[in-house]
**Student:** 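Sharing a structure here in structure tokens format.
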There are 2 protein chains.
Amino acid sequence: MSTKSSPRAPGRPRSPSPIRRERIPDHRAAGTPAAPKFRPIHTRRAFEEICERIREQLALGVLKPGDKLPPERDLAQQLGVSRNVLREALRSLEMAGVLRLQKGVKGGAFIQEGDTSRMNGVMRDMLSLGTISVRELSEARVHVLDLVVRLACANARRADLDALEANIERTEDATREGRLLDRVECSREFYKLLAAATGNKVIAMIMDSVTEIHMRFVYAKVSSSGVAMARLAEKRRQFLAALGERNVTSATRLMRTHLESVQRMLEQDPGAMSLHVALAEVQPGLRR
Amino acid sequence: MSTKSSPRAPGRPRSPSPIRRERIPDHRAAGTPAAPKFRPIHTRRAFEEICERIREQLALGVLKPGDKLPPERDLAQQLGVSRNVLREALRSLEMAGVLRLQKGVKGGAFIQEGDTSRMNGVMRDMLSLGTISVRELSEARVHVLDLVVRLACANARRADLDALEANIERTEDATREGRLLDRVECSREFYKLLAAATGNKVIAMIMDSVTEIHMRFVYAKVSSSGVAMARLAEKRRQFLAALGERNVTSATRLMRTHLESVQRMLEQDPGAMSLHVALAEVQPGLRR
DNA sequence: TCCATTGAATGGGTGATCCATTTAACAATC
DNA sequence: GATTGTTAAATGGATCACCCATTCAATGGA
């Protein structure tokens, strides 16, 4: 589409065929001769159909980030559904990070740039629902981080190393001034930068998703007990040096021992390590 | 909650405080003395608030899988919003895999068991939106698979190995009878079983999410060109043997060389490897 | 005992209507 | 002429009042 301008009726590119609330087929009268598999009836609801069609246009490349969908009233009419139903679909797509809805004239539903942090929410829901455990998440994090360190060793560029260097300096400032919670923020950012240094956004996404929850635990721990990792910035410098020298063995070893000491710190007071504490309300700086 | 029964007014456990469309605070009259940062106004919309509250109850453990929310009409009234708005929120949560909405008397909104395949959709959206590339995804898959093989070597149980064995037998059947597309389905399942053999659902989730798209490419390739991996079942048997012997070196090497040959097959005809082909309509057996 | 009927509960969907925000165009003022 | 209000239209946000389709327990007749 890419109808960045033209306020009204942007070309009406291809009037979407109206959603038909397809009645469930009656299995062609009573006499079904060869009915091998009765797949569960998937009662198609209007909003599902709408979501699917928009995603289809996306996959086909007809819609691209920055494009604008027609106004709700128009699109609803084109699809032959009520505005309310259309909005349910748009809402879902907005929550999925595909759309951004903007009010006012010149507003509308815009296709978003993909938001790599969407995976975090999935992970959080899985944890809330008890589908995955904190133990599994921690273990996964250790392994993913090992992979990330190896890839970062291989692929980190000058700019990545500089960003990590700057992050360590901020960590030192925060340490010197006793701003413990800011230091946790620095840690969060450190792992994000490290993930980015792999040069692979998929890996980075995975890494971020397993790190986000972990950092919540650290935040909760630090903010409740006031304890803090000893010699953090120093260890970070050692690690960064190994990374700069592309010394995989050293870098992975440093990271592993650091993770272990963090884990020990977290497990000092297992009672406070409630899942609910970490998942509950969003801390400042954490809302993205 | 856990009000599995009691059709009407299930205890009315704790009437949620009504959603107040909090007007943006006027920064306490005009005179803001020390206004350091003007974070962008995040116009809270009713449905966001609702989603957050339900997720909060989930994180707090007040709501658990199997629980039922009050009927839409009741809940809307309790929250002080219209039914339409409430439905937007419920729709979003349903798409996120948190809820299942069921019609009819005794129907309602039920908290679901977590659906580990939710990450696949995120990955698909990221690809559709061009945020990640097929190259990044393939590369990530290679690395994740390497990790999975190592973990499976360490943790696979008898049942896991048996399931893989059974899968290989189905692969042999399909090969013998020339059912190429079924064989692709077997491959999809093989990787799922392998992921499960790690004993870590987080790792398995990650593995599945990077594998799903890949298998679409394979499916598209096989179904269009009719070519098929040579000696697939044989290679699978070799690999399974290594896995059974906990021979990490051998298992990872076998997997790596196999991946390389698959990659060569896929890249034979790069023109056909369109992203859109793979992302477009859902193939039978792939819809979950 | 079994099966058909019925009716209430519940999600699915519609249409009309209003509000709030945003922006461009325009007018008024300095 | 530049700045500053004013206005009006477009658009998403939200409400209300309905109606339909599905499901299932209760009812009642064969």
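Because only heavy atoms are used, hydrogens play no part in the values below, and waters and symmetry mates are left out as well, while side chains stay in.
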**Student:** CD of B/E72 versus P of D/dT15: gap in Å, rounded?
**Tutor:**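 Those two atoms, CD and P, are 14 Å apart.
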
**Student:** With a 4.0 Å cut-off on N to O distance, would you call A/E94 and A/R91 a salt bridge?
**Tutor:**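 Here A/E94 pairs with A/R91 in a salt bridge, since their nearest N and O are under 4.0 Å apart.
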
**Student:** Quick one: does A/E49's side chain have a donor or acceptor within less than 3.5 Å of a partner on A/A46's backbone?
**Tutor:**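 Not confirmed, A/E49 side chain does not pair with A/A46 backbone.
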
**Student:** Can a donor-acceptor pair be found between the side chains of B/T198 and B/N200 at a distance below 3.5 Å?
**Tutor:**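 No, no side-chain donor-acceptor contact under 3.5 Å.
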
**Student:** Just how large is the angle between the end axes of the helix from C/dT1-D/dA30 to C/dC30-D/dG1, five pairs per end, to 10 degrees?
**Tutor:** 0°

**Student:** Which whole-number value in Å describes the distance from B/R100 CZ to D/dT22 C1'?
**Tutor:**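 Those two atoms, CZ and C1', are 15 Å apart.
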
**Student:** Check this for me: does the side-chain of B/R73 come within 3.5 Å of the base of C/dG11 through a donor and an acceptor?
**Tutor:** yes

**Student:** Measure CG/A/L79 against C1'/C/dG15 and give the value in whole Å, please.
**Tutor:**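 In whole Å, C/dG15 C1' and A/L79 CG are 17 Å from each other.
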
**Student:** Find the distance between CZ (B/F110) and CG (B/L63) and round it off to the nearest 0.5 Å.
**Tutor:** 13.0 Å

**Student:** How long is the line joining NZ of A/K103 and C1' of C/dT21, in whole Å?
**Tutor:** 5 Å

**Student:** CG of B/L101 versus C1' of C/dG12: gap in Å, rounded?
**Tutor:** 10 Å

**Student:** Name the residue closer to the 5' end of DNA chain D, choosing between A/G107 and B/V105 according to the nucleotide with the nearest heavy atom.
**Tutor:**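 Per heavy-atom nearest nucleotide, the more 5' residue is A/G107.
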
**Student:** If only side-chain N and O atoms of A/R45 are considered, is one of them under 4.0 Å from the OP1 or OP2 phosphate oxygen of C/dG11?
**Tutor:**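 No, no such contact exists.
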
**Student:** Could you check how far CD1 of A/I50 sits from P of C/dG12, rounded to whole Å?
**Tutor:**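 It is 13 Å, rounded to the nearest whole Å.
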
**Student:** Report yes if a donor N or O on one partner sits less than 3.5 Å from an acceptor N or O on the other, where the partners are the side chain of A/R83 and the base of D/dG13; otherwise report no.
**Tutor:**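 Side chain to base: pair found, below 3.5 Å.
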
**Student:** Calculate the interatomic distance between A/R44 atom CZ and D/dT22 atom C1'; express it in whole Å.
**Tutor:** 18 Å

**Student:** Could you check A/E52 against A/R44 for salt bridge (Lys or Arg N to Asp or Glu O under 4.0 Å), going step by step and ending with a plain yes or no?
**Tutor:** CA-CA 11 Å; A/E52 200 170 292; A/R44 298 290 278 176; 3.2 Å; yes

**Student:** Measuring from B/D208:CG to B/R188:CZ, what's the distance to the nearest 0.5 Å?
**Tutor:** 10.5 Å

**Student:** Determine whether the side chains of B/R100 and B/Q102 contain a donor N or O and an acceptor N or O closer than 3.5 Å.
**Tutor:**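 Yes, B/Q102 and B/R100 have a side-chain donor paired with an acceptor closer than 3.5 Å.
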
**Student:** Starting at atom CD of B/E88, determine the distance to atom P of C/dG11, rounded to an integer number of angstrom.
**Tutor:** 16 Å

**Student:** Mind checking if A/R91 touches a base, just sugar-phosphate, or nothing, with heavy atoms under 4.0 Å?
**Tutor:** sugar-phosphate

